[in-house]
Amino acid sequence: MSHFVRSSKYRNVYAEARKNENNHLGVKANNGTPEGHNLGGNRKFVGVSWSGGGGSLAVINNEQEGRLGTNVPMLKGHRGPILDWSFNPFDDHQVVTASDDCTLKFWEIPEGGLKEDVTEALVSLEGHQKRVNVVVSHKVASGIVTSSSHDKTVKIWDLAAASATQTIEVPDVSLSLSYNLQGNSFVTSCKDKTTRIIDPRAGTIGLEWQPYDGSKPAKSVWAGRKDKIICTGFTRQSERVIKLYDPRNTAEAVKELAVDVGAGLLMPMYCEDTSVLFIAGKGDTSVKFFELAPDGSDMFFLNQAAATKPQKGACLLPKMAGDVMKHEIARICRLTDSAVEVMPLHVPRKSTDFQEDIFPDTFSSEAALTSEQWLGGTDAEPKTMSVKAALEGAGLETQTPRKAFKSVLQLQKELDEKDKRIAELEAELAALKA
């Protein structure tokens with residue numbers, strides 16, 4: 001009996017076996033939130049919310065392996081635990097943290113990483129009335145971040161102005177936020193089991209639907225280039241299910257895939273370059289891979305990678321964090337009780353040359369829009385770059401000097417100090433003439 005074998009460049013993706021000493025050991029992470037990924041990173045660093053008094057974020061160099069030691073340098077400034085964080089997609093040395101203390105803070109990481117604690121944030125964002133549980137950086141416009149809080153609001157922030165440009169009231173707490181490719185809409189899954197599409201600039205809620213009837217939290221992520229929404233959640237029988245929706249018609253799922261029966265929240269991580277969805281369940285010891293069809297109308301199971309220790313959190317690093325010359329199409333980090341385990345995922349190829357067919361263009365580190373342009377209503381898609389060119393150094397931030405960030409408040413302070421100094425000099429000049 002013959003059967004159809006679906007063609008895919010990523011059908012045989014596998015996880016590289018790494019020794020424990022190649023991971024980040026000695027991690028002391030706090031419990032985070034039930035809906036959070038509890039881990040986040042970029043091309044250079046991975047962040048861990050540290051347990052202990054107050055709110056601290058350990059920023060670990062990706063190249064650092066082995067035990068961290070007793071005095072881990074951190075970002076310290078929140079009065080309560082850090083619940084979520086988002087690295088700036090256009091600057092590896094900037095990160096926004098969201099805390100139980102109702103605030104967000106925008107931080108600068110020194111070149112080469114943290115050598116000592118940093119206690120002074122660039123910007124502190126205040127306005128939420130309850131704990132801030134989710135924060136995401138805009139993928140198109142620089143200086144725009146979005147946060148959700150247990151005060152049942154979602155806020156759009158302009159970092160340069162250090163203020164919220166929009167406050168959107170939602171019927172219940174948002175548990176996830178994910179933008180479409182153009183960055184003019186985002187999808188959120190809320191505590192009331194409802195998934196909503198929201199216009200961030202107008203502050204209006206569009207389509208609403210309930211993908212699941214289970215009592216546990218659901219998550220959603222927007223597959224931008226396919227223009228589909230991926231939801232993960234539970235049935236009443238505790239079956240964990242992935243559903244694929246067309247954002248123009250959410251009355252019925254385009255595709256539904258049963259994952260398994262389990263208690264842990266599913267954490268979806270989607271790679272726009274390869275159209276591969278990575279699913280990590282909290283408390284599980286494996287990560288499962290799925291691929292969206294070229295037209296976005298279907299979804300297929302690819303493979304899974306098994307580990308030995310249960311995961312408390314997980315994140316997908318940007319493409320250039322991995323070793324593309326070894327055909328590494330993705331790099332996932334898993335948070336366990338005492339470590340951040342690195343899971344490189346490879347496509348088997350005999351050739352040692354760069355494999356252009358499995359590495360389509362990836363997102364660039366250059367913003368397509370300024371915050372002013374985006375707030376003014378301009379739309380654009382994220383800029384992209386060739387992976388091969390990025391490998392050779394083109395398109396990365398090392399080609400141009402990093403610009404120092406200054407908020408409106410900082411600029412005003414500098415202006416006031418200069419005005420004061422000018423007044424002093426004018427007074428001295430007048431005294432000399434007298």
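Counting begins at 1 with the first residue of the sequence.
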Under 4.0 Å between a side-chain nitrogen and a carboxylate oxygen: does that hold for [X] and [Y]?
{"X": "D361", "Y": "K319", "result": "no"}
{"X": "R349", "Y": "D357", "result": "yes"}
{"X": "D273", "Y": "R225", "result": "yes"}

No-hydrogen, no-angle side-chain donor-acceptor test under 3.5 Å, [X] and [Y]:
{"X": "T195", "Y": "S220", "value": "no"}
{"X": "S148", "Y": "S174", "value": "no"}
{"X": "N22", "Y": "E65", "value": "yes"}
{"X": "D151", "Y": "T153", "value": "yes"}
{"X": "E208", "Y": "T194", "value": "no"}
{"X": "N38", "Y": "S49", "value": "no"}

Please check: side-chain N/O of [X] versus main-chain N/O of [Y], any donor-acceptor pairing under 3.5 Å?
{"X": "R240", "Y": "G281", "result": "no"}
{"X": "Q373", "Y": "T370", "result": "yes"}
{"X": "K282", "Y": "P34", "result": "yes"}
{"X": "K139", "Y": "Y179", "result": "yes"}

Using a 4.5 Å cut-off on heavy atoms from C-beta on, say whether the side chain of [Y] contacts that of [X].
{"X": "L317", "Y": "R43", "answer": "no"}
{"X": "T308", "Y": "T285", "answer": "no"}
{"X": "I168", "Y": "K155", "answer": "no"}
{"X": "I109", "Y": "V95", "answer": "yes"}
{"X": "L292", "Y": "F300", "answer": "no"}

What do you reckon, is [atom1] of [X] surrounded by more than 12 foreign heavy atoms closer than 6.0 Å?
{"X": "R79", "atom1": "CZ", "value": "no"}
{"X": "E120", "atom1": "CD", "value": "no"}
{"X": "N71", "atom1": "CG", "value": "no"}

Going from CD1 on I198 to OG1 on T204, what distance comes out if it is rounded to the nearest 0.5 angstrom?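 Spacing of CD1 (I198) from OG1 (T204) equals 8.5 Å.
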List for me each residue that meets side-chain contact (heavy atoms from CB on, under 4.5 Å) alongside S178, sequence neighbours excluded, and say none if there are none. V187, V221, W222
For the residue pair [X] and [Y], what are the closest heavy atoms and their distance?
{"X": "G113", "Y": "N61", "result": "CA-OD1, 3.8 Å"}
{"X": "G47", "Y": "L39", "result": "O-CD1, 3.5 Å"}
{"X": "Y212", "Y": "C231", "result": "OH-O, 2.7 Å"}
{"X": "N88", "Y": "F90", "result": "OD1-N, 2.9 Å"}
{"X": "A58", "Y": "V72", "result": "CB-CG1, 4.0 Å"}
{"X": "G183", "Y": "W374", "result": "O-NE1, 3.0 Å"}

Angle class for the F359/F354 ring planes (parallel below 30°, perpendicular above 60°, tilted otherwise)? parallel
Where does the angle between the aromatic ring planes of H128 and W157 fall among parallel (under 30°), tilted (30 to 60°) and perpendicular (over 60°)?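 H128 vs W157 ring planes: perpendicular.
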Please determine whether salt bridge (Lys or Arg N to Asp or Glu O under 4.0 Å) holds for the pair D379 and R201, giving the CA-CA distance in whole Å, both sets of side-chain angles, and the decisive distance to 0.1 Å. CA-CA 11 Å; D379 288 333; R201 290 179 293 214; 2.5 Å; yes
Output all residues satisfying salt bridge (charged side-chain N to carboxylate O under 4.0 Å, His left out) with E372, sequence neighbours left out; order by chain, then residue number.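 None.
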For F234, does the six-membered ring have the charged nitrogen or CZ of K216 within the cation-pi criterion, i.e. under 6.0 angstrom from the centroid and within 45° of the normal?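 Pair K216/F234 counts as cation-pi.
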Listed once per pair and sorted, the side chain to side chain donor-acceptor pair (under 3.5 Å) pairs that draw on residues 95-107, sequence neighbours left out: H78-T97, H78-D101, H78-T103, T97-W107, S99-D101, D100-R131, D101-T103, K105-S124
Walk me through whether N133 and E35 qualify under side-chain hydrogen bond (donor to acceptor under 3.5 Å, both in side chains). CA-CA 9 Å; N133 61 314; E35 70 273 9; 3.1 Å; yes
